[in-house]
Amino acid sequence: MSLKLYNSLSSKKEIFKSISDKRVKTYGCGPTVYNHLHIGNYRTFVFYDLLNRVLQMNGYETETAVNITDIDDKIIDRVNHEKLSLKEITSKYESSFIELSESLKILPNSYNPKATDYVELMISHIQDLLNEDFAYVSNESVYFSVDKDQSYERFVNLKKDDMDFSDVNPDKKFIGDFVLWKSWTEKDGNIFWDSPWGKGRPAWHTECAVMIKDLFNGQIDIHCGGVDLKFPHHENECAQVEVLCKNFLSNYWLHAEHLTMDDIKMSKSLGNVINVSSLIEDYGYDVVRLFLLSAHYRTKVSFSQKKLEECKKMTEKINRFAKNFTSDIKSIDLKFSNEHDLFIDALNDDLNTPEAIGIFFSFISEMNKKIAKNSINDSDKEKSLVFLKLFNSIFDILDFGNLHNHKIPKEVQDLLVSRQESREKQDWKLSDSIRDKIESLGWYVEDTASGQKLLKKK
RNA sequence: GGCGUCGUACCCAAGUGGUUUAAGGGACCGGUUUGCAAAACCGUUAUUCGUCGGUUCGAAUCCGACCGACGCCUCCA
C-alpha cells in the first residue's frame with residue numbers, strides 16, 4: 001500500500017506524492033524557548049519523528065526542519081523580570097529541548113533554525129511584501145493585508161461579517177490583518193532590531209515563512225504542527241509565501257491533536273503541565289515513547305499514570321519476547337512477509353500506530369504459542385527477528401545492544417548462585433526470600449525449564 | 001455567536017458501508033504449567049458501537065435531529 005496522509009487542506013486522506021522522486025522536505029513548528037516543555041509538546045515532536053521514520057521506511061531520504069522560536073513576547077517578559085540576557089534564557093531551554101528530544105529517541109533534524117539568526121532575512125522578506133503591496137506600514141509596524149491573498153481561509157471558515165470588532169488594533173486597516181513587524185515599545189527594553197520602519201522585532205508568523213523560503217526555496221512537501229496552529233499561524237504563513245512565490249508553500253499539512261489533562265488541554269498558560277524529564281526518569285524513555293505513540297496522532301489523548309503503567313507492561317512483554325531470539329538483530333536483512341506487510345500498511349495508512357501495535361502484538365502472541373508448544377521453526381525465528389527490527393525502526397523502544405547483556409551486579413549474581421543451591425536442596429523458604437531480595441534490587445527472577453532467568457525491572 | 005472534531009466493552013484504543021455477527025493492550029475470573037510464584041499458553045468478559053429516526057439487500061461506518069465532551073475564532077505543540 002502506498003503512503004496515505006490526512007491533509008488538513010482537503011480534510012481527507014490523500015496518497016502521498018513527493019515533489020522530487022526520492023527526497024522529501026518537511027517542516028515542523030518547534031518550541032518557543034522561554035520555559036521547560038511539557039509532555040504535550042513532546043507528543044507533537046514524537047509525531048514529527050514518526051512521520052520522518054515512516055517516510056524513511058518508504059525509501060525516502062528526508063530533509064527535516066524544526067524551528068526554535070527565540071524571539072517572543074513571553075521571552076521578553078522573562079528577560080525583563082529575571083535580569084538575564086535573551087541569549088541566557090533561550091539557550092538554556094533550547095539545549096533542554098535538544099537533550100530531551102535525544103532521550104526520547106527523536107532522530108536529529110537536518111535543521112533547527114533560530115529566529116534570531118533570521119532577522120535580516122525577515123526584514124527583506126517584509127520589504128518584498130511591501131514592495132508588492134501585500135503589506136502596509138502603520139505606526140512603525142508592518143501588517144499583512146489578508147485581502148490581497150485570494151486563497152486566505154484555507155484552514156478555516158471565518159465568516160468575516162460575524163467577526164468581533166470590539167477590540168480592534170486601530171493601526172490595522174482590517175481586523176483580520178496580521179502583524180509582520182512589531183514596532184518597539186517600552187516594555188521591550190533593550191530587545192529590538194533596526195529596520196527601515198524603525199526599531200522593533202519580527203512577528204511570529206514571519207519566522208516560519210522566511211525559514212522555509214530560505215532553507216527550502218519556499219516549497220516543501222509536508223508541513224506539520226499542533227492543531228492549534230492551523231489558524232492563524234499556518235494560514236498566515238501560507239499567505240505570505242504564496243503571494244510572493246506563487247506556489248503552494250506545502251503540498252501536505254499534518255496537524256497533531258493535543259494531549260489533555262482531565263479533558264482540558266495541557267498548556268503552559270493553564271499551568272496543568274507534566275514535566276518530561278521526571279517522567280522519563282520514572283518510567284524510562286521507552287514507556288513514554290510507547291505511550292505517546294499508542295494513540296493515533298489525530299485523536300486527543302488524556303494523560304494518566306494508569307496508561308503509563310499499561311505501557312510499561314507492554315514494553316516488558318515486548319522485551320521478553322525479544323529475548324527469545326539470540327541472533328544479532330542489527331545484521332538481519334529486512335525481508336518482509338505478510339505479517340510485516342500488514343504492519344507497514346497500517347503505518348502507511350496515515351500513520352496508524354495503534355493498529356500497527358495491534359498487529360505486532362498479534363504476531364507476538366502467535367509466536368509465543370509456538371514457543372510454548374516448542375514448535376517454532378527457523379522461518380518463524382527469522383520472521384520474528386525481522387519484525388522486531390522493523391518494529392523498532394519506527395517505535396525505537398528496544399535496546400538491541402543491551403537485550404541480552406544487561407550488566408548484572410555482582411551482588412545479584414551471587415544471590416542467584418545461592419538461590420540455585422537452596423533450590424537444589426529444596427529449601428523453598430530460603431529460595432523465596434532470596435527471590436524477594438533480588439527483586440528489591442531491581443530484578444525479576446523467573447524459573448524456566450532451562451533454569452533461572454533474570455529480567456531487569458523497569 | 002460562528003466554524004470544526006469527537007462519543008466503540010470495566011479502562012485504554014483500532015475499525016468508517018459486506019473478507020470484523022467489532023483488532024490489540026490493560027484489568028478481572030477460571031484452567032494448564034510451577035515446590036510456590038513469575039512468565040507463557042488455553043478459556044470467559046460488547047449480538048453491540050451516545051440517543052432517536054432515515055437511506056440501503058446490508059450501517060458502528062452514510063444522512064437528519066437530539067444529548068454530551070472538546071477544540072479553533074486571542075498567546076499556545
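Reminder, nothing fancy here: chain letters follow the sequence lines and each chain counts from 1.
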- Give me the one residue out of A:Lys453, A:Gln452, A:Arg320 that meets side chain to side chain donor-acceptor pair (under 3.5 Å) with A:Glu446.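 Filter result, single survivor: A:Arg320.
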When all nucleic acid strands are considered with a 4.0 Å heavy-atom cut-off, which category describes [X]: base, sugar-phosphate, or nothing?
{"X": "A:Val445", "result": "base"}
{"X": "A:Ser304", "result": "nothing"}
{"X": "A:Ile371", "result": "nothing"}
{"X": "A:Thr299", "result": "sugar-phosphate"}
{"X": "A:Gly225", "result": "sugar-phosphate"}
{"X": "A:Gln426", "result": "nothing"}

Calculate the interatomic distance between [X] atom [atom1] and [N] atom [atom2]; express it in whole Å.
{"X": "A:Lys12", "N": "B:U16", "atom1": "NZ", "atom2": "P", "value": "16 Å"}
{"X": "A:Asn338", "N": "B:U19", "atom1": "CG", "atom2": "C1'", "value": "15 Å"}
{"X": "A:Phe395", "N": "B:G25", "atom1": "CZ", "atom2": "P", "value": "14 Å"}
{"X": "A:His233", "N": "B:C72", "atom1": "NE2", "atom2": "P", "value": "15 Å"}
{"X": "A:Lys317", "N": "B:A38", "atom1": "NZ", "atom2": "P", "value": "15 Å"}
{"X": "A:Ile364", "N": "B:C41", "atom1": "CD1", "atom2": "C1'", "value": "15 Å"}
{"X": "A:His234", "N": "B:G71", "atom1": "NE2", "atom2": "P", "value": "19 Å"}
{"X": "A:Phe321", "N": "B:A38", "atom1": "CZ", "atom2": "C1'", "value": "19 Å"}

- Determine whether the aromatic ring centres of A:Tyr252 and A:His223 lie less than 6.0 Å apart.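 They do not qualify: ring centres at least 6.0 Å apart.
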- Do A:Tyr27 and A:Phe216 have ring centres separated by under 6.0 Å?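 No, the ring of A:Tyr27 stays outside the 6.0 Å limit from the ring of A:Phe216, centre to centre.
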Determine the Euclidean distance between corresponding [atom1] atoms of [M] and [N]; express it in Å to zero decimal places.
{"N": "B:A38", "M": "B:C29", "atom1": "P", "answer": "11 Å"}
{"N": "B:U61", "M": "B:A22", "atom1": "C1'", "answer": "11 Å"}
{"N": "B:A40", "M": "B:G25", "atom1": "P", "answer": "11 Å"}

Is any side-chain N or O of [X] under 3.5 Å from a base N or O of [N], one able to act as donor and the other as acceptor?
{"X": "A:Asp447", "N": "B:C36", "result": "yes"}
{"X": "A:Glu310", "N": "B:G25", "result": "yes"}
{"X": "A:Lys74", "N": "B:C75", "result": "yes"}
{"X": "A:Arg435", "N": "B:A37", "result": "yes"}

Ignoring the backbone of [X], work out which of [options] is nearest its side chain.
{"X": "A:Arg419", "options": "B:G35, B:A77, B:C41", "answer": "B:G35"}
{"X": "A:Lys313", "options": "B:G15, B:C72, B:A27", "answer": "B:A27"}
{"X": "A:Arg320", "options": "B:A77, B:A38, B:C12", "answer": "B:A38"}
{"X": "A:Phe361", "options": "B:C36, B:A39, B:G25", "answer": "B:G25"}
{"X": "A:Arg423", "options": "B:C12, B:A77, B:C36", "answer": "B:C36"}
{"X": "A:Lys300", "options": "B:G35, B:C70, B:G25", "answer": "B:C70"}
{"X": "A:His38", "options": "B:A77, B:A13, B:C41", "answer": "B:A77"}
{"X": "A:Leu229", "options": "B:A77, B:A40, B:C73", "answer": "B:A77"}

- Residue closer to the 5' end of RNA chain B, A:Glu355 versus A:Gly30 (nearest nucleotide):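 The 5'-side residue here is A:Glu355.
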- Assign each of A:Asn41 and A:Asp432 to its nearest nucleotide of RNA chain B by heavy atoms, then name whichever residue's nucleotide is nearer the 5' end.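 So the residue in question is A:Asp432.
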- Message: Looking at A:Gln150, I want to see if its CD is surrounded by more than 12 non-hydrogen atoms of other residues, nucleotides or ligands under 6.0 Å.
- Response: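 No, because the 6.0 Å sphere around CD of A:Gln150 holds 12 heavy atoms or fewer from other groups.
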- NZ (A:Lys4) with more than 12 external heavy atoms under 6.0 Å: no
In Watson-Crick or G-U wobble terms, both distances under 3.5 Å, what is the partner of [N]?
{"N": "B:C75", "answer": "none"}
{"N": "B:G43", "answer": "B:C29"}
{"N": "B:A23", "answer": "none"}
{"N": "B:U5", "answer": "B:A69"}
{"N": "B:G58", "answer": "none"}

Does a side-chain heavy-atom distance below 4.5 Å link [X] with [Y]?
{"X": "A:Glu309", "Y": "A:Tyr283", "value": "yes"}
{"X": "A:Asp350", "Y": "A:His296", "value": "yes"}
{"X": "A:Thr206", "Y": "A:Trp181", "value": "no"}

Examine [N]: is either OP1 or OP2 under 4.0 Å from a nitrogen or oxygen in the side chain of [X]? Give yes or no.
{"X": "A:Ser431", "N": "B:C36", "value": "no"}
{"X": "A:Asn352", "N": "B:G15", "value": "yes"}
{"X": "A:Thr260", "N": "B:G71", "value": "no"}
{"X": "A:Asn368", "N": "B:A40", "value": "no"}
{"X": "A:Lys369", "N": "B:C42", "value": "yes"}
{"X": "A:Lys306", "N": "B:A27", "value": "no"}

- Looking just at side-chain N and O atoms, do A:Tyr136 and A:Asp177 make a donor-acceptor pair shorter than 3.5 Å?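 A:Asp177 and A:Tyr136 do have a side-chain donor-acceptor pair below 3.5 Å.
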